[in-house]
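Structure first, then comments.
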Amino acid sequence: MAHTHDHTGHDHGPGHVHGSTDKKRVLIAACLTGGFMVAEALGGILTGSLALLADAGHMLADSIALGLAWYAFHLGGRPATVRLTYGFGRVKTLVAYTNGIAIFVIALWIVYEAWGRLQAPAPVLGGPMLAVAILGLLVNIGSFFVLHGGDRESLNMRGAILHVLGDLLGSAAAIAAALVILATGWTPIDPILSVLVSLLILYTAWSLMREAAHVLLEGVPPSLDRDLIARDIEATIQGVREVHHMHVWSLDGTSNMATLHACLSEGVDAYQAVSAVKKRLASEHGISHATVEPEFGQCADDGDDHEHDHGHGHDAAAYHDHHH
């Protein structure tokens with residue numbers, strides 16, 4: 001069985017540009033967030049505001065997370081190695097998942113602190129709290145707009161935006177709490193709003209973690225249906241009788257990949273059939289890297305310990321194609 005290498009899909013244009021600009025955007029946001037975090041933490045201690053301390057806690061984690069996101073982009077640009085044949089693209093997904101866990105931990109800590117504050121309300125200096133919160137809001141808006149222009153399909157970029165959005169909400173809650181305290185002197189509003197922001201952030205963090213985990217578990221991308229793709233190939237590619245042992249997954253949430261066995265009719269040119277399958281996968285289904293094993297008659301895996309699954313079961317394919 002000959003190995004076919006199709007390089008027609010190599011394209012380092014728009015994706016590479018996106019990665020470069022996203023890397024710069026994340027670094028700027030990390031510097032803005034880390035710089036103001038110190039001021040907000042001091043403000044929270046001096047004014048006695050949990051809302052400010054909560055937002056400073058978010059900003060501490062976020063500056064670290066944004067730094068990790070920047071490093072993930074840095075690693076993602078490295079070429080593949082003998083040991084890491086897919087390169088470092090999945091580091092970005094790992095960082096997105098880790099970011100989600102970090103947000104969860106911080107949000108739960110805020111809820112715990114807020115409960116203590118509601119049991120024993122502490123005095124809060126409304127005026128200085130309002131000034132620091134407004135400055136924090138302006139910094140977070142700046143960071144948000146810097147990141148918002150990046151690649152929205154990137155899980156890593158979405159994780160970075162989620163962190164800054166959490167900070168923005170935290171600053172808005174701190175402003176609202178300061179205004180209520182200045183107007184009425186009712187300090188419980190400070191921990192109450194902190195909890196509301198934490199619940200919002202927990203919901204969005206869970207969504208990010210679920211998507212990142214799906215990628216890490218090599219699940220079928222949400223936009224694709226493995227069985228429908230297999231049926232489509234059988235229906236449209238001349239000479240393909242059946243498709244089985246098919247996997248569809250994503251490397252980093254944006255780059256889709258597939259492996260499959262294509263059972264061919266007798267007399268069909270294997271090279272032409274495999275090329276047609278790859279072109280169909282790329283043009284109609286957005287699968288940029290395909291590994292196809294052509295077969296005549298019996299499946300090569302029959303007789304092994306593998307169950308031949310005519311319903312497109314999972315198994316390894318060995319007809320390699322470096323089609324990025």
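Values below: every heavy atom of this structure, side chains too, minus hydrogens, waters and symmetry copies.
- In this structure, NZ on Lys279 lies 10.0 Å from CD1 on Ile237, to the nearest 0.5 angstrom.
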Run the side-chain donor-acceptor check on residues 31-47: report pairs under 3.5 Å with partners two or more places apart or on a different chain.
{"unit_1": "Thr33", "atom_1": "OG1", "unit_2": "Ala29", "atom_2": "O", "d": "2.8"}
{"unit_1": "Thr47", "atom_1": "OG1", "unit_2": "Gly43", "atom_2": "O", "d": "2.7"}
{"unit_1": "Thr47", "atom_1": "OG1", "unit_2": "Ser49", "atom_2": "N", "d": "3.4"}

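- Not counting sequence neighbours, Glu284 has no partner by the salt bridge (Lys or Arg N to Asp or Glu O under 4.0 Å) test.
- For the pair His214 (side chain) and Val220 (backbone), a donor-acceptor distance under 3.5 Å is present.
- In the hydrophobic cluster analysis, where Ile, Leu, Val, Met, Phe, Trp and Tyr join through side-chain heavy atoms closer than 4.5 angstrom, Leu118 is grouped together with Met129.
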Verdict with supporting geometry, Val248 and Asn256, side chain to side chain contact (heavy atoms under 4.5 Å, CB included): CA-CA 7 Å; Val248 180; Asn256 298 326; 5.6 Å; no
Scan the side chains in residues 102-113 for donor-acceptor partners under 3.5 Å anywhere in the protein, sequence neighbours excluded, and list what turns up.
none

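- At least one donor-acceptor pair closer than 3.5 Å links the side chain of Ser143 to the backbone N or O of Val139.
- Note on residues 179-189: no pairs pass side-chain hydrogen bond (donor to acceptor under 3.5 Å, both in side chains), not counting sequence neighbours.
- Of the possible donor and acceptor atoms, one in the side chain of Arg226 sits under 3.5 Å from a partner among the backbone N and O of Met246.
- Distance check, rounded to the nearest 0.5 Å: CG of Leu147 to CG of Leu66 gives 6.5 Å.
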Leu260 vs His247, side chain to side chain contact (heavy atoms under 4.5 Å, CB included): CA-CA, chis, key distance, verdict: CA-CA 6 Å; Leu260 60 97; His247 299 268; over 6 Å; no
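- Under the side-chain hydrogen bond (donor to acceptor under 3.5 Å, both in side chains) criterion, Asp232 pairs with Arg280, His285, sequence neighbours left out.
- Among residues at least two apart or in separate chains, there is no salt bridge (charged side-chain N to carboxylate O under 4.0 Å, His left out) pair with a member in residues 27-38.
- Residues Ile189 and Ala177 approach most closely at CG2-O, 3.8 Å, considering heavy atoms.
- Partners of Ala273 by side chain to side chain contact (heavy atoms under 4.5 Å, CB included), not counting sequence neighbours, listed by chain and number: Leu264, Val268.
- Residue pairs meeting the salt bridge (charged side-chain N to carboxylate O under 4.0 Å, His left out) criterion with at least one member in residues 120-137: none, sequence neighbours excluded.
- Of all non-hydrogen atoms in Arg78 and Phe88, the two that sit nearest each other are CB-CD1, 3.8 Å.
- Crowding of Gln119 atom CD: a count of heavy atoms from other residues, nucleotides or ligands under 6.0 Å exceeding 12.
- Cluster partners of Leu50: none. The rule joins Ile, Leu, Val, Met, Phe, Trp and Tyr whenever side-chain heavy atoms lie under 4.5 Å apart, and it links nothing here.
- The structure places CD of Glu293 at 4.0 Å from NE2 of His261, a figure rounded to the nearest 0.5 Å.
- Taking OG of Ser207 as the start and CG of Leu202 as the end, the distance is 12.5 Å to the nearest 0.5 Å.
- The only member of Leu135, Ile134, Ile141 that meets side chain to side chain contact (heavy atoms under 4.5 Å, CB included) when paired with Leu137 is Ile141.
- Under the salt bridge (charged side-chain N to carboxylate O under 4.0 Å, His left out) criterion, the residue pairs touching residues 177-192 are Arg117-Asp190, with sequence neighbours excluded.
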Side-chain donor-acceptor contacts of residues 167-174 below 3.5 Å, not counting sequence neighbours, with atom names and distances?
{"unit_1": "Asp167", "atom_1": "OD1", "unit_2": "Met59", "atom_2": "N", "d": "3.4"}
{"unit_1": "Ser171", "atom_1": "OG", "unit_2": "Asp55", "atom_2": "OD2", "d": "2.8"}
{"unit_1": "Ser171", "atom_1": "OG", "unit_2": "Asn140", "atom_2": "ND2", "d": "2.8"}
{"unit_1": "Ser171", "atom_1": "OG", "unit_2": "Asp167", "atom_2": "O", "d": "3.2"}

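- Ring pair Phe145/His148 is perpendicular by interplanar angle, where above 60° counts as perpendicular and below 30° as parallel.
- When only modelled atom types and interatomic distance are considered, His245 and Glu295 share no side-chain donor-acceptor pair under 3.5 Å.
- Between Pro221 and Ser250, the shortest heavy-atom distance links the atoms CG-CB, 4.0 Å.
- One distance of note links CD1 of Ile28 with NZ of Lys23; it measures 13.0 Å at 0.5 Å rounding.
- Within the structure, no pair that satisfies the salt bridge (charged side-chain N to carboxylate O under 4.0 Å, His left out) test touches residues 258-272, not counting sequence neighbours.
- Of all heavy-atom pairs between Ala213 and Tyr97, the closest is CB-CE1, 3.8 Å.
- Taking both residues in full, the closest heavy atoms of Ala30 and Ser63 are given as O-CB, 4.1 Å, listed atom of the first, atom of the second, then distance.
- Under the 3.5 Å distance criterion, the side-chain polar atoms of Glu234 are matched with a main-chain donor or acceptor of Val243.
- Rounding to the nearest 0.5 angstrom, the gap separating the OG atom in Ser255 from the CZ atom in Arg90 is 10.0 Å.
- Shortest non-hydrogen contact noted between Phe296 and Ser265 is CE2-O, 3.3 Å.
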